[in-house]
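Read the structure below first, then the notes.
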Amino acid sequence: MALRADRSVSMAYTAACFLTTAAVIYFNPTLIFKRLQIWRLLTSFLYFGELGFSFIFKLLFTYRYCKMLEDTSFRGRTADFVFMFLFGGVVITVFALFVNLLFLSQAFSLMMVYIWCRRNPSIRLNILGIVSMSAAYLPWLILVLSLLAGDSALVDALGIAVGHIYFFLEDVFPNQPGGKKLLVTPGILKRIFDEPDLDPNYNPLPEDIVNQQNDNDPLHED
């Protein structure tokens with residue numbers, strides 16, 4: 001049975017980010033592998049730092065682009081959207097083990113921003129009412145702002161790199177001569193998140209059609 005379409009993955013992810021940040025559960029390989037706190041493999045993508053203005057801004061920014069990605073190129077493809085989450089999470093975690101990163105949510109957020117921007121490169125964005133630019137340049141602007149703020153650009157660069165890997169494997173390589181689709185969403189995710197395909201040979205009974213029309217009629221009363 002598929003989950004209801006109105007249960008937004010973006011909303012669920014944002015709510016989980018808030019709860020995890022409040023609980024201060026971040027990525028820590030020592031606690032994961034030596035104390036078997038396996039849940040940190042998941043919660044490390046939900047932790048956005050201490051509660052405050054910066055946290056609210058990052059959370060709203062993440063929700064905005066996550067939701068736009070879900071509502072555009074992943075509309076009606078919730079299972080594929082969840083698989084993108086899983087793919088990105090696994091790749092970012094592998095990289096994080098080698099570069100000693102503790103906070104992975106920013107990289108995960110920028111991965112989604114990068115994918116949306118690559119799929120909508122010509123859309124004009126107005127940044128804080130000051131800068132107008134094509135969406136294609138947004139990830140690089142974020143990277144530059146991190147450098148100017150004195151923050152480590154490694155997290156942003158990781159998000160951009162993983163976003164590019166996904167975009168290349170999903171959108172570029174399958175359309176190349178000799179290319180093929182390498183990222184295939186597992187069937188179990190489709191059964192959980194997507195509505196089952198209708199049988200083209202199925203003819204609904206007259207009473208089923210009437211009941212469906214009544215369900216869609218806001219003025220209908222039982």
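Position 1 is the first residue of the sequence, and the numbers go up from there.
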Nearest 0.5 Å please: distance from the [atom1] atom of [X] over to the [atom2] atom of [Y].
X    : Y    : atom1 : atom2 : value
L143 : L148 : CG    : CG    : 9.5 Å
I188 : I192 : CD1   : CD1   : 4.5 Å
I115 : S73  : CD1   : OG    : 8.5 Å
N120 : M68  : CG    : CE    : 8.0 Å
L104 : M111 : CG    : CE    : 11.5 Å

**OP:** List the steps, then state whether side-chain contact (heavy atoms from CB on, under 4.5 Å) holds for F108 with F85.
**Re:** CA-CA 8 Å; F108 191 74; F85 269 55; 3.5 Å; yes
**OP:** Answer yes if the side chains of D156 and S146 hold a donor-acceptor pair under 3.5 Å, and no otherwise.
**Re:** yes
Minimum heavy-atom separation for [X] and [Y], please, with both atom names.
X    : Y    : value
F83  : V184 : CZ-O, 3.8 Å
L138 : C117 : CB-SG, 3.8 Å
P139 : L110 : CA-CD1, 4.3 Å
L141 : M133 : CD2-SD, 3.5 Å

**OP:** For side-chain contact (heavy atoms from CB on, under 4.5 Å), just list the numbers for M84 and L86, CA-CA rounded to whole Å, side-chain angles, deciding distance to a tenth of an Å, and then say yes or no.
**Re:** CA-CA 5 Å; M84 181 206 71; L86 296 175; over 6 Å; no
Would a 4.5 Å heavy-atom cut-off, applied to side chains only, mark [X] and [Y] as touching?
X    : Y    : result
V113 : R118 : no
W140 : I160 : yes
N126 : R124 : no
F61  : S109 : yes

Subject >> Qualifying salt bridge (Lys or Arg N to Asp or Glu O under 4.0 Å) pairs with a residue from residues 79-94, counting only residues at least two apart or across chains >> reply: R77-D80, D80-K190
Original post:
Passes side-chain contact (heavy atoms from CB on, under 4.5 Å), S134 versus Y137? Steps please.
Top reply: CA-CA 6 Å; S134 297; Y137 300 107; 3.9 Å; yes
Subject >> Greater than 12 external heavy atoms within 6.0 Å of Y63's OH >> reply: yes
**OP:** Would you please name every residue forming a side chain to side chain contact (heavy atoms under 4.5 Å, CB included) with T72, sequence neighbours left out?
**Re:** W116
Original post:
Is L147 reachable from L154 through a run of I, L, V, M, F, W or Y residues, each pair having side-chain heavy atoms under 4.5 Å apart?
Top reply: no
Side-chain donor/acceptor pairs under 3.5 Å, residues 161-172, sequence neighbours excluded:
residue: H164; atom: ND1; partner: Y114; partner atom: OH; Å: 2.8
residue: E170; atom: OE1; partner: K181; partner atom: NZ; Å: 2.9
residue: E170; atom: OE2; partner: K181; partner atom: NZ; Å: 2.7
residue: D171; atom: OD1; partner: R119; partner atom: NH2; Å: 2.8
residue: D171; atom: OD2; partner: R119; partner atom: NE; Å: 2.9

**OP:** Take L69 and F81 through the side-chain contact (heavy atoms from CB on, under 4.5 Å) test and state the conclusion after the steps.
**Re:** CA-CA 9 Å; L69 193 60; F81 190 52; 4.0 Å; yes
